[in-house]
Amino acid sequence: MNLQQLITRLPAGQITGDTDCPVSDIRSDSRRVERGDLFVAVKGTALDGHDYIESALEKGAAAVVCEHVPEGLAGRAAFIVVPDAANALGLLLDTWYGHPSARLTLVGVTGTNGKTTIATLLYELFRKLGYKAGLFSTVCNRIDGETIPATHTTPDPVTLHALLARMVQAGCEYAFMEVSSHAVDQRRISGLTFAGGIFTNLTRDHLDYHQTVENYLKAKKRFFDGLPSGTFALTNADDKSGMVMLQNTAARKWTYSLRTGADFKGKIIESHFEGTELSINGREVNVAFVGRFNACNLLAVYGAALALGLDAEETLVALSLLRPVAGRFETIASPKGYTAIVDYAHTPDALTNVLNAIREVMSGKGRILTVVGAGGNRDKGKRPLMAGEACRQSDLVILTSDNPRFEEPDAIIADMATGLTAADLRRTLCIADRTQAIKTATQLAQKGDIILVAGKGHEDYQEIKGVKYPFDDREVLKQLFQSQNG
């Protein structure tokens, strides 16, 4: 594509050099630049692309999009100076790939908890109804039936636009995307055309990045502020931040709720470990999901489906056929008569939701043994909150390692323990080795008990000192249960 055609959507800025030249590809990583490429110098959280412009030019970059031209480099290529290079990157990629998001019905899901479940269930629901669909999620990305590993909740812009183009080529009509607060703040969704957005909830998370809850909220809200007329904005009216998301959006506003009047009103009729009988706008449906938080997620799925024009009855039938997402309240039965539940809960609120769901179904029968850790090099403030919540709702708690990253597991566990009272500590064990922690829980569990293994969910690795070692809570439990059979 010709550079002049490529930059037509960029905000007016200073242009030097010849822009009437072909571009071979668009790169934001100088290490991948080849002759004839357009290099976009993006300022990241750790590195600044402007420091690598000279390297890109040495590799043959034909042009550079940047926020300022480093001293001594003017004249070596065409330079397009823009106010925000990260935003420009999305616009350039959208043009490069032929505006793929505008050729799909793209829906974004944002919030602290529930993003993966809602996005994935929408993908599954639309496919069950005969539509081709794509998915961007924490667990994986999918192009209709093809599965592609995911490295981030929301991919980097280059990967994102390339996958959207592949979805279009594969004949997908819809795409459902988790939109993280990082993605909004870092302009990873720049250039995308959304048909609508869904807000789940907002609780403490990612304060290592956003610093304050207010900044975290503003990042979420910015997504809805950017939705134009002709789209929809669906929000959780039960969350204190739910209506805030709708304040400045031009999109058509919809609400869902389990507690108050809403466009999509739900009520739990009966719940057990095999599923829930749920009423949605007066229509009853049996679903294979447990807990109020999952009932809320299903309301969001139902509401989004109807906002996209699906038939209500047809949608309810499809909801009844859906199954839980991997690592989200995933149950594994022990031969000794107790049940293990693996869940991705890694925030205080998510842990509360899962434990509440277990308590509601158990109705006082049996004990809850919770195995939980906290991630290293992340928000330290939530560690004592998670431990405190685990002890508040569990009969026994085992604090263990999650993904320690570059921190020491014992130090993370010590941080968690600061949230415990003397009484809490008397029914808390600290076992840094996660396998041993899970094994200890299975040795202590009795018939009728529930073991909750929280924090990692679908993950099949444990990240230690920059290395991802194979580790899967579900596989550890299954191997332990097999030995019980023996």
Side-chain angles (χ1 to χ4, degrees), residues 1-10 23-28 38 40 86-110 115 118-137 140-148 150 152-180 183-184 187-198 223-224 226-234 249-252 301 304-310:
M1 182 178 289
N2 186 279
L3 178 60
Q4 188 60 53
Q5 294 174 300
L6 194 56
I7 64 175
T8 53
R9 290 177 63 196
L10 298 188
V23 170
S24 302
D25 209 336
I26 300 172
R27 304 289 188 187
S28 59
L38 170 63
V40 184
N87 181 63
L89 176 60
L91 296 172
L92 289 164
L93 289 165
D94 181 56
T95 301
W96 178 263
Y97 283 106
H99 316 292
S101 62
R103 298 163 67 185
L104 295 160
T105 298
L106 177 64
V107 176
V109 186
T110 195
K115 296 188 298 295
I118 292 170
T120 304
L121 293 184
L122 279 167
Y123 162 83
E124 297 285 1
L125 184 146
F126 274 76
R127 291 192 75 221
K128 282 187 182 299
L129 294 176
Y131 299 98
K132 288 192 171 187
L135 172 69
F136 297 94
S137 84
C140 67
N141 301 316
R142 290 178 180 164
I143 300 174
D144 204 34
E146 180 186 357
T147 299
I148 299 163
H152 294 79
T153 297
T154 310
D156 67 88
V158 176
T159 302
L160 180 55
H161 287 265
L163 287 174
L164 283 166
R166 287 182 58 188
M167 289 175 186
V168 171
Q169 291 169 0
C172 293
E173 300 170 71
Y174 294 87
F176 303 98
M177 175 190 296
E178 289 188 55
V179 178
S180 69
V184 177
R187 310 296 191 267
R188 277 187 247 157
I189 59 172
S190 172
L192 299 186
T193 300
F194 285 95
I198 303 167
F223 170 60
F224 290 92
L227 291 175
S229 60
T231 65
F232 73 86
L234 174 63
T249 186
R252 185 177 180 183
V301 172
L306 267 62
L308 291 171
L310 293 192

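A 4.5 Å side-chain heavy-atom check between L308 and L122 finds every atom pair outside the cut-off.
A donor-acceptor pair under 3.5 Å links the side-chain atoms of T249 to the main chain of F224, judged by distance alone.
When all heavy atoms of V179 and G108 are compared, the pair lying nearest together is CG2-CA, 3.8 Å. Taking all atoms of both residues into account, the shortest heavy-atom contact from M1 to L6 is SD-CD1, 3.4 Å. H161 and P100 get closest at one heavy-atom pair: O-CG, 4.0 Å. Of all heavy-atom pairs spanning S101 and G191, the tightest one is OG-O, 4.0 Å. Taking all atoms of both residues into account, the shortest heavy-atom contact from A150 to S137 is CB-O, 3.3 Å. The nearest pair of heavy atoms linking T110 to F223 is CG2-CD2, 4.0 Å.
Taken to the nearest 0.5 Å, the CG atom of L38 stands 9.0 Å off from the CD1 atom of I7. Taking CE of M177 as the start and CG of L104 as the end, the distance is 9.5 Å to the nearest 0.5 Å.
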### Task
Could you please spell out the steps behind the side chain to side chain contact (heavy atoms under 4.5 Å, CB included) verdict for L227 and F194?
CA-CA 7 Å; L227 291 175; F194 285 95; 3.8 Å; yes
### Message
Assess the residue pair L106 and T193 against the criterion (side chain to side chain contact (heavy atoms under 4.5 Å, CB included)); give the C-alpha distance rounded to whole Å, side-chain angles, the decisive distance to 0.1 Å, and a yes or no.
### Response
CA-CA 7 Å; L106 177 64; T193 300; over 6 Å; no
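Residues meeting the side chain to side chain donor-acceptor pair (under 3.5 Å) test with T231, sequence neighbours left out: none. Every residue two or more places apart in sequence or in another chain that forms a side-chain contact (heavy atoms from CB on, under 4.5 Å) with T147 is listed here: C140, R142. T159 meets the side chain to side chain donor-acceptor pair (under 3.5 Å) test with D156; sequence neighbours excluded. Remark: F232 engages no residue in a ring pair (Phe, Tyr, Trp, His ring centres under 6.0 Å) (not counting sequence neighbours).
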Show me, pair by pair, the donor-acceptor contacts under 3.5 angstrom made by side chains of residues 88-97, not counting sequence neighbours?
residue, atom, partner, partner atom, Å
D94, OD2, R9, NH1, 2.5
D94, OD2, H99, ND1, 2.8
T95, OG1, L91, O, 3.1

Name the atoms and distances for all side-chain donor-acceptor pairs under 3.5 Å in residues 126-136, with sequence neighbours left out.
residue, atom, partner, partner atom, Å
R127, NE, D144, OD1, 3.1
R127, NH1, Y123, OH, 3.4
K132, NZ, A170, O, 3.4

